[in-house]
Novice: 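I'd like to ask some things about the structure below.
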Amino acid sequence: MFDSGIGGLTVAKKIFELLPHENVIYFGDTARYPYGPRSKRIVRNFSFQNTDFLLLKRVKLVVVACNTASAVALDVLRKRYDIPMIGVVEPGARGALKATRNGRIGVIGTVGTINSGAYQKAILRLDPGLTVCASPCPLFASLVEEGYINKEATRLIAHEYLDPLLRKKVDTLVLGCTHYPLLKSVISKVMGKGTRLIDSAEETAREVKSFLEGSALLRNAKQRSFRKFYVSDVPDRFVQVGEKFLRAKIKEVKRVDIDSY
Ligand code: DGL
């Protein structure tokens with residue numbers, strides 16, 4: 001799996017929980033984080049390099065754990081590579097469809113994710129009768145990385161971003177960025193009890209499991225498994241912040257010269 005940096009560890013966490021016997025190779029593109037404000041062309045090029053790196057590790061499936069990369073690059077990745085690829089957008093959209101009662105769904109994510117329209121399209125493809133209200137929340141990812149989880153400033157910013165969605169009466173909100181599950185408590189306080197939060201990470205892990213089962217690619221419980229972490233910048237910050245995302249120790253992280261791929 002790959003991500004723009006640390007955030008994809010929320011997806012890794014769910015995959016580790018659901019599929020403890022799988023070997024997982026995680027690449028976090030920390031040197032080129034964030035992807036959210038970048039152009040489609042740049043994010044696509046980064047995604048090609050990240051995938052080339054993973055393919056050299058002879059993986060059986062690539063999980064595009066980054067919402068921005070899934071939103072703008074998954075289509076071209078699937079065209080370029082034969083290997084199966086799962087992104088976070090389609091599972092998140094399916095989760096929202098299952099959850100909504102009034103047919104009004106909100107989506108939040110980076111500027112790149114929201115402007116691409118990927119979630120909006122994925123949801124409407126499932127049911128054209130739904131209403132989708134999408135809104136970028138670009139400061140959220142930085143707040144999470146800086147540990148601003150329970151701060152007053154975060155609550156104020158959350159109101160700023162989310163009050164318009166509240167006014168549009170959405171009853172379901174897709175957390176369309178890897179970092180947002182860490183803000184679940186502040187987001188649900190702003191949105192109120194009536195709004196269901198959809199964690200794309202959770203939905204994606206379930207999709208990975210059902211894909212592996214369906215293709216007879218699931219590893220058996222008796223085999224020993226490994227988890228390897230690679231990053232494109234020095235690993236210190238990845239370990240420090242990443243352990244909060246993963247709520248577990250990150251033992252070994254190697255640096256990769258991603259520009260050489
Ligand atoms: N992984 C990215 C995402 O889900 C985090 C934000 C970013 O890279 O800008 O969109």
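Please read these numbers as outputs of a predicted model, since none were measured by experiment. All ligand and atom numbering here is 1-based and tracks the order in the structure.
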Novice: Under 6.0 Å between ring centres, would you say that holds for Y35 and F46?
Specialist: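 Yes, they do, as the ring centres are separated by less than 6.0 Å.
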
Novice: Going from OG on S188 to CZ on R196, what distance comes out if it is rounded to the nearest 0.5 angstrom?
Specialist: 13.5 Å

Novice: If we only consider heavy atoms of G7, is any one of them less than 4.0 Å away from an atom in ligand 1?
Specialist: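 No, G7 has no heavy atoms under 4.0 Å from ligand 1.
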
Novice: Would you give the length of the straight line joining atom OG1 of T172 to atom CZ of R104, rounded to the nearest 0.5 angstrom?
Specialist: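 Going from the OG1 atom of T172 to the CZ atom of R104 covers 11.5 Å.
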
Novice: Looking at atom 10 (O) of ligand 1, what's its closest protein heavy atom, distance included?
Specialist: T68 OG1, 2.6 Å

Novice: Under 4.0 Å from any heavy atom of Y35, which atoms of ligand 1 are there?
Specialist: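 That gives atoms 7 (C), 8 (O), 9 (O) of ligand 1.
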
Novice: Is the distance between the ring centroids of Y161 and F140 under 6.0 Å?
Specialist: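 Yes.
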
Novice: So, for N67 and T178, which heavy atoms are closest and what is the spacing to 0.1 Å?
Specialist: ND2-N, 3.2 Å

Novice: Is any N or O atom of D3, backbone or side chain, closer than 3.5 Å to an N or O atom of ligand 1?
Specialist: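 Yes; the residue has a nitrogen or oxygen that sits under 3.5 Å from a nitrogen or oxygen of the ligand.
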
Novice: Quick test: of every protein heavy atom, which one is nearest to atom 6 (C) of ligand 1, and how far off is it to 0.1 Å?
Specialist: T110 CG2, 3.7 Å

Novice: With a 4.0 Å cut-off on heavy atoms, is G8 in contact with ligand 1?
Specialist: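 Flag not set, G8 not near ligand 1.
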
Novice: Test Y230 against F53 for ring pair (Phe, Tyr, Trp, His ring centres under 6.0 Å), laying out the working first.
Specialist: CA-CA 10 Å; Y230 295 87; F53 165 73; 5.1 Å; yes

Novice: Does S4 reach ligand 1 with a nitrogen or oxygen that is under 3.5 Å from one of the ligand's nitrogen or oxygen atoms?
Specialist: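 N/O-N/O distance under 3.5 Å: yes.
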
Novice: Salt bridge or not between E17 and K13? Use side-chain N to carboxylate O under 4.0 Å.
Specialist: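 Answer for the salt bridge query: yes.
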
Novice: Counting from 1, what ligand 1 atoms have a heavy atom of H179 closer than 4.0 Å?
Specialist: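 Those atoms are 5 (C).
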
Novice: Write out the residue and atom name of the closest protein heavy atom to atom 9 (O) of ligand 1, then the distance separating them to 0.1 Å.
Specialist: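 For this ligand atom, the closest protein heavy atom is G36 N, 2.7 Å.
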
Novice: I need the contact type for T178 against ligand 1. Using non-hydrogen atoms and a strict under-4.0 Å cut-off, is it side chain, backbone, both or neither?
Specialist: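 Both of them.
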
Novice: Decide whether an N or O pair under 3.5 Å exists between Y33 and ligand 1.
Specialist: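 No, Y33 has no N/O under 3.5 Å of an N/O on ligand 1.
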
Novice: Is it true that E90 and R78 make a salt bridge, defined as a side-chain N closer than 4.0 Å to a carboxylate O?
Specialist: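 Looking at E90 and R78, the cut-off is met.
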
